[in-house]
> 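Below is a structure I'd like to ask you about.
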Amino acid sequence: MTPFASAYLHLHGAEKVVAGRVACLVLLHNERNILPDFLRFYRDFGDIDFLIVDDRSDDGTAEYLSAQPDVTVFRPNNGSTYAKHKRDWRGEILDHYAHGNWVIVPDADERLIWQRFETRSFQRLRADLEAEGADALYCSMLDMYRDGPLSDQVYRGSDPLEVAFPLYDDPLKDPLSYRFLAAPSRFLRRWPTPTMIMYGGMRDRMFFGAYGRQYPWSRPLLSALPTIRDVQPAGRARVFEAILRLILKRRDTAMPAINLTKIPLLRWRAGMRFYGGAHAVSEHLRLARETGVLLHFPITRGDSGVRYTAERGQHTEGAAHYRAIVERNELNVRTLRYSGSSKYRTSDDLAVFIRDGGIR
């Protein structure tokens, strides 16, 4: 293999890539508190090589990664930043190391779950996708949390993340907790996969008031929109998306809804690019009939972690969503749990999200 070369990144330390192993690509900054759990979880998948971009961490992440036998570390060149170049970071690494192969592209705070996860191996999942002729697995992100206010959402490292933060917003208890929206036509011209976007979850409920929760008049309109339980929501979404857009953009909601759609498992083709993160892909991919879930742990360092991310300003729109959470600090006295919360134990609990008949 030719040496890795990039205008944006450089190798830091030894290259630890083994032929025939699945690449797991991650971009991170100051994730030392959850890194051991992240590596534990994905190492259990089998033959995995970790390709990690350490974006100038100063919390011990760099030293920890350098000591790992299966982690190849990259660092940004001077002048290259996550906000401006994350698309290039992911694309160049995968073009070089993974063309034609299956790759996993989670964030450090995401855990990939699929049908019969506990008994059906990652190798079996890939074999089933290949037998179907699928190029990728569509996943819904589920914000995970524990009972308590924002300040209590701190990971101590004693349990796996899915045990420490077991709660999620359940559409079987709260039908308005998630909604699908058809991606705009102008967006699909450049980012054609997937065609549907899911919104909702804990962060929208707690911090952004999306879906007209404070406006009873909007609930009949929202009840007509496609829900997570619709197998093929595209047709209805096209009919009602204008209504949802109006509600999401109402004047007292400054933040756009958070995109909970991702394509974290796919067969990579050189030249493809993600839309920022793995929310959308620049080529038409055949999605598997089944769908998966990314257990997402967005708050693991309490309110101080949210404040740090907001001040750093490297996430979407200058970390606008995190700044909005900081500004809503009065919610720190309220528990994140509500009547629509459910506890995750096994993949069976997520059957409403993990299903056959995927979203095209």
Side-chain angles (χ1 to χ4, degrees), residues 26-42 50 52-68 71 73 75-76 81-83 86 106-112 141-169 201-208 255 258 260 262 277 294-338 341 343-344:
V26 191
L27 315 184
L28 54 80
H29 171 80
N30 281 5
E31 304 277 11
R32 179 63 181 85
N33 66 319
I34 60 174
L35 262 178
D37 186 76
F38 172 84
L39 293 175
R40 170 203 62 80
F41 183 87
Y42 286 101
F50 296 94
I52 297 184
V53 179
D54 174 26
D55 183 16
R56 303 175 175 92
S57 296
D58 58 9
D59 67 341
T61 288
E63 295 78 9
Y64 180 80
L65 290 176
S66 295
Q68 303 306 308
V71 176
V73 180
R75 287 188 175 173
T81 66
Y82 177 88
K86 57 182 176 289
D107 290 338
D109 59 4
E110 295 171 348
R111 305 292 181 264
L112 175 61
M141 291 173 60
L142 299 189
D143 287 348
M144 308 297 291
Y145 51 94
R146 62 169 53 138
D147 192 357
L150 183 65
S151 58
D152 287 351
Q153 309 298 308
V154 178
Y155 182 57
R156 308 295 183 188
S158 57
D159 293 311
L161 277 171
E162 57 268 32
V163 175
F165 302 91
L167 302 178
Y168 64 97
D169 288 12
M202 177 270 291
R203 285 173 295 168
D204 270 355
R205 168 174 59 85
M206 289 295 298
F207 305 113
F208 309 124
M255 291 295 101
I258 299 172
L260 299 181
K262 278 204 168 180
L294 282 171
L295 303 181
H296 181 223
F297 304 89
I299 306 172
T300 62
R301 290 178 290 174
D303 48 359
S304 64
V306 173
R307 290 180 184 278
Y308 177 82
T309 302
E311 292 168 3
R312 187 167 180 260
Q314 287 290 297
H315 286 263
T316 302
E317 299 183 17
H321 283 105
Y322 289 91
R323 286 189 280 107
I325 292 174
V326 170
E327 291 167 4
R328 296 289 304 277
N329 192 50
E330 74 276 8
L331 294 175
N332 207 18
V333 300
R334 291 171 46 197
T335 179
L336 272 59
R337 185 173 192 157
Y338 81 123
S341 298
K343 184 176 182 180
Y344 168 76

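Sequence positions, counted from 1, serve as the residue numbers for this chain.
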> Quick one: does any side-chain atom of R111 pair with a main-chain N or O of A108 as donor and acceptor, under 3.5 Å?
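Between the backbone of A108 and the side chain of R111 there is a qualifying donor-acceptor contact (under 3.5 Å).
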
> Within this structure, what is the OH-CE distance for the pair Y338 and M202, rounded to the nearest 0.5 Å?
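That separation rounds to 11.0 Å.
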
> If you round to the nearest 0.5 Å, how far is CG of L150 from CZ of R334?
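One finds 11.5 Å between CZ of R334 and CG of L150.
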
> Test T300 against D109 for side chain to side chain donor-acceptor pair (under 3.5 Å), laying out the working first.
CA-CA 9 Å; T300 62; D109 59 4; over 6 Å; no

> Is there a side-chain contact between D143 and I258 in this structure, where contact means two heavy atoms from C-beta onward sitting under 4.5 Å apart?
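No; the side chains remain at least 4.5 Å from each other.
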
> Any donor-acceptor pair under 3.5 Å linking the side chain of S341 with the backbone of R337?
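Pair absent, no side-chain N/O of S341 close to backbone of R337.
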
> If we only count heavy atoms from C-beta on, is the L39 to Q68 side-chain gap below 4.5 Å?
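The answer is yes; the side chains approach within 4.5 Å.
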
> Do the side chains of D37 and Y155 get nearer than 4.5 Å, heavy atoms only?
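The answer is yes; the side chains approach within 4.5 Å.
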
> If we only count heavy atoms from C-beta on, is the D107 to K262 side-chain gap below 4.5 Å?
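The answer is yes; the side chains approach within 4.5 Å.
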
> Does a side-chain heavy-atom distance below 4.5 Å link P166 with M144?
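Answer no - side chains too far apart.
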
> Rounded to the nearest 0.5 Å, how far does CG of L295 lie from CE of M141?
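Separation between the atoms: 10.5 Å.
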
> Compute both the distance and the angle, then confirm whether R205 meets the cation-pi test with Y145: under 6.0 Å from the six-membered ring centre, within 45 degrees of the axis.
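That pair qualifies as a cation-pi contact.
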
> Does N33 use its side chain to pair, donor to acceptor, with the backbone of G157 at less than 3.5 Å?
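It does not hold such a pair.
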
> Can K86 and D55 be counted as an ion pair, charged N to O under 4.0 angstrom?
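Result for this pair is no, no salt bridge flagged.
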
> Flag the pair T61 / H29 as yes when at least one side-chain heavy-atom distance between them is below 4.5 Å, and no otherwise.
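No, every pair of side-chain atoms sits at 4.5 Å or beyond.
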
> Look at the side chain of Y82 and the backbone N and O of L27, then say whether any donor-acceptor pair between them is shorter than 3.5 Å.
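No; judged by distance alone, with no hydrogens or angles, the pair does not exist.
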
> Answer whether the closest heavy-atom distance between the side chains of F38 and L161 falls below 4.5 Å.
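They are not in side-chain contact.
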
> Taking Y344's backbone N and O only, do any of them form a donor-acceptor pair with E162's side chain (distance below 3.5 Å, no angle check)?
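Looks like no, no N/O pair under 3.5 Å.
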
> Strictly below 4.0 Å, N to O, side chains only: are D59 and R32 in salt-bridge contact?
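Judged by the 4.0 Å cut-off on N to carboxylate O distance, D59 and R32 do not form a salt bridge.
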
> CD1/I52 to OG/S57 distance, rounded to the nearest 0.5 angstrom?
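Output value for this atom pair is 10.0 Å.
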
> P36 versus Y64: any side-chain heavy-atom pair under 4.5 Å?
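When only atoms from C-beta onward are counted, Y64 and P36 do touch, with a gap below 4.5 Å.
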
> Rounded at 0.5 Å granularity, tell me how far CG in L294 sits from CG in L260.
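Those atoms lie 10.5 Å apart.
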
> Determine, for R146 against D152, whether the closest basic-nitrogen to carboxylate-oxygen distance falls under 4.0 angstrom.
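No, no charged N to carboxylate O under 4.0 Å.
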
